[in-house]
Amino acid sequence: MSDRVYNFSPGPATLPLEVLQELQKDLLSFQGTGISILEMSHRGKEYEAMQNETEALFKELLNAPDNYRVLFMGGGASTQFALVPMNFLTEGKEADYVVTGAFAKKAYEEASVIGKVNVAVSTKDSNFSRLPKQEEIKLSSNPAYVHLTSNNTIYGTQWPVFPEFKGVPVVADMSSDIMCRPIDVSKFGLIYAGAQKNLGPAGVTVVLINTDLLEQANTKIPAIFQYKTFVENSSLYNTPPSFAVYTVNLVLKWIKNNGGLAAMETRNIKKAQYIYDVIDSSNGFYKGHAEKECRSTMNVTFTLPNEDLEKAFIAEAKQHKLVNLKGHRSVGGMRASIYNAMPEEGCKILAEFMKEFARKNG
Ligand SMILES: *Cc1c(COP(=O)(O)O)cnc(C)c1O
């Protein structure tokens, strides 16, 4: 494995090495069938059993109540930006959006094509470096749902505690921090996550839905756009992204074998702390973008004193096998994406490198 590097890409992101090795081992023949999972019918009993197991594991790890179903959909998280309002922002209703980043804003914009939307709060004025306090969030009088983003991938903010919405169905985009820590699923009506950050490869979007919500869902849209269709057909209405689902299956087993979500949380806090400690003790050489109380354990964003140093940082980091650290253009600087699959060792080596770089250039 000598040519593998520490890949801090925001997504598609690094996968557990054990999962990649398992995929390689099974690639030609899935469970002794002589057929690759890539070549296998989604109507066969082997595929169906694997997908059912994936759903069960997903619910088990998140401790999801019985009335929730797991759906395997295509189109990425961006498709969910449109599907959520198509299904739930019905005639005469309004939906509330908590705008804490670029993806939250896109979700809001897609919903505004479908119906009436309200910005419950926006932290754009701080370039999304902070998350709002409970009292800043102003809901409309009777919203169909409220939408939030649990981790803002570009800016590196993550809710330490979710706000309370008193009975309003909460829809959460958890694309970049699903399974990074335990959550109380019963507080959410619908959770969605594009797999390519914390769950697997690009190509599948996992949705966890409280099926009670379906009673209010719009049935006057094409079947393929209805959550109801996916629930009733166990995500086998049409061909699911089968290879991506299988990879998610292996990632979930990896999470379980590594102690589940409580263990992920402990490890993620420790990993992030290596890097935040260097930022905080660098006498201003590194500046964190996110405010301290809402710093993400998944995406660590920071800038250096100037662009020349940032270029040098990226080039030198690469020599230490630390790659894909360049930040998003709307924040600049660096972003270290350290999802579940990033080993602790990768964060430690990055922190050591940062210390040394600041010492030489500060
Ligand atoms: C990456 C990301 C998206 C976009 O996902 P696609 O699968 O590319 O559509 C949406 N929301 C969040 C929070 C993300 O991190």
Side-chain angles (χ1 to χ4, degrees), residues 7-15 71-86 95 97-113 122-124 127-132 145-160 162 170-181 183 188 190-208 225 230 235 240-241 243-245 247-248 251 268 272 289-290 294-301 324 326-331 335-342:
N7 175 14
F8 294 90
S9 165
T14 200
L15 285 164
L71 314 177
F72 302 102
M73 305 180 76
S78 301
T79 298
Q80 300 298 319
F81 296 167
L83 293 184
V84 166
M86 283 167 76
Y97 279 74
V98 176
V99 180
T100 54
F103 291 118
K105 188 162 165 285
K106 276 189 175 169
Y108 164 79
E109 285 162 358
E110 290 290 68
S112 71
V113 174
S122 167
T123 52
K124 193 172 189 299
N127 195 20
F128 300 121
S129 65
R130 65 180 194 93
L131 292 173
Y145 62 86
V146 55
H147 180 282
L148 64 79
T149 313
S150 56
N151 180 73
N152 298 282
T153 324
I154 293 173
Y155 307 90
T157 61
Q158 184 178 32
W159 296 91
F162 289 108
V170 180
V171 174
D173 176 358
M174 295 199 184
S175 293
S176 54
D177 72 346
I178 186 97
M179 301 273 173
C180 81
R181 59 182 173 184
I183 53 165
F188 299 90
L190 188 151
I191 292 167
Y192 62 88
Q196 69 271 25
K197 280 133 190 173
N198 223 2
L199 281 181
V204 65
T205 304
V206 184
V207 174
L208 183 62
F225 298 147
F230 283 75
S235 306
F243 186 68
V245 173
T247 312
V248 170
V251 170
N268 287 330
H289 178 71
C294 56
R295 279 173 162 175
S296 170
T297 59
M298 300 278 97
N299 310 96
V300 180
T301 50
N324 291 324
K326 194 172 162 47
H328 190 273
R329 62 190 177 279
S330 50
V331 177
R335 169 172 51 172
S337 297
I338 52 171
Y339 305 115
N340 284 347
M342 171 57 67

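Heavy atoms only: backbone and side chains are in, while hydrogens, waters and symmetry mates are out. One-based numbering, in listed order, for ligands and for the atoms of each.
For T123 (side chain) and R130 (main-chain N/O), a donor-acceptor pair under 3.5 Å exists by modelled atom type. Distance alone, capped at 3.5 Å, places no donor-acceptor pair between the T149 side chain and the N151 backbone.
Heavy atoms of Q196 found under 4.0 angstrom from ligand 1 belong exclusively to the side chain. Looking at K106 against ligand 1, nothing comes within 4.0 Å, counting heavy atoms.
Looking at ligand 1, you'll find an N or O of A77 within less than 3.5 Å of one of its N or O atoms.
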Under the criterion side-chain hydrogen bond (donor to acceptor under 3.5 Å, both in side chains), I'd like the reasoning laid out for N299 against T153: C-alpha separation, chi angles, the key distance, then a yes or no.
CA-CA 6 Å; N299 310 96; T153 324; 4.7 Å; no

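Shortest contact from atom 4 (C) of ligand 1 to any protein heavy atom: F103 CE2, 3.6 Å. Protein heavy atom nearest atom 1 (C) of ligand 1, with residue, atom name and distance: K197 NZ, 1.3 Å. When hydrogens are left out, the protein atom nearest atom 11 (N) of ligand 1 is D173 OD2, 2.6 Å; that is the closest non-hydrogen contact. The protein non-hydrogen atom at the shortest distance from atom 9 (O) of ligand 1 is S78 OG, 2.6 Å. Scanning the protein for heavy atoms near atom 15 (O) of ligand 1, the closest one is T153 OG1, 2.5 Å.
Shown in contact with T149 at under 4.0 Å from a heavy atom are these atoms of ligand 1, numbered in order with element: 13 (C). The distance from ligand 1 to the heavy atoms of S176 drops below 4.0 Å at these ligand atoms: 15 (O). Near F81, meaning under 4.0 Å from one of its heavy atoms, ligand 1 places the atoms 10 (C). Against a heavy-atom cut-off of under 4.0 Å, G76 is close to the following atoms of ligand 1: 7 (O), 9 (O).
In this structure the side chain of P132 reaches within 4.5 angstrom of the side chain of W159, judged on heavy atoms. Side chains of V84 and Y192 form a contact here, defined as non-hydrogen atoms less than 4.5 Å apart. At least one side-chain heavy atom of Q158 sits less than 4.5 Å from a side-chain heavy atom of C180.
Each of D173, V171, T205, I191 was scored for a side-chain contact (heavy atoms from CB on, under 4.5 Å) with Q80, with one residue passing: T205.
Note on ligand 1: S175 sits in its first shell, one or more heavy atoms being nearer than 4.0 Å.
With a 6.0 Å cutoff to the six-membered ring centre and a 45° limit on the axis angle, K105 does not count as a cation-pi contact of Y155.
With salt bridges taken as basic N to acidic carboxylate O contacts below 4.0 Å, none links K106 and E110.
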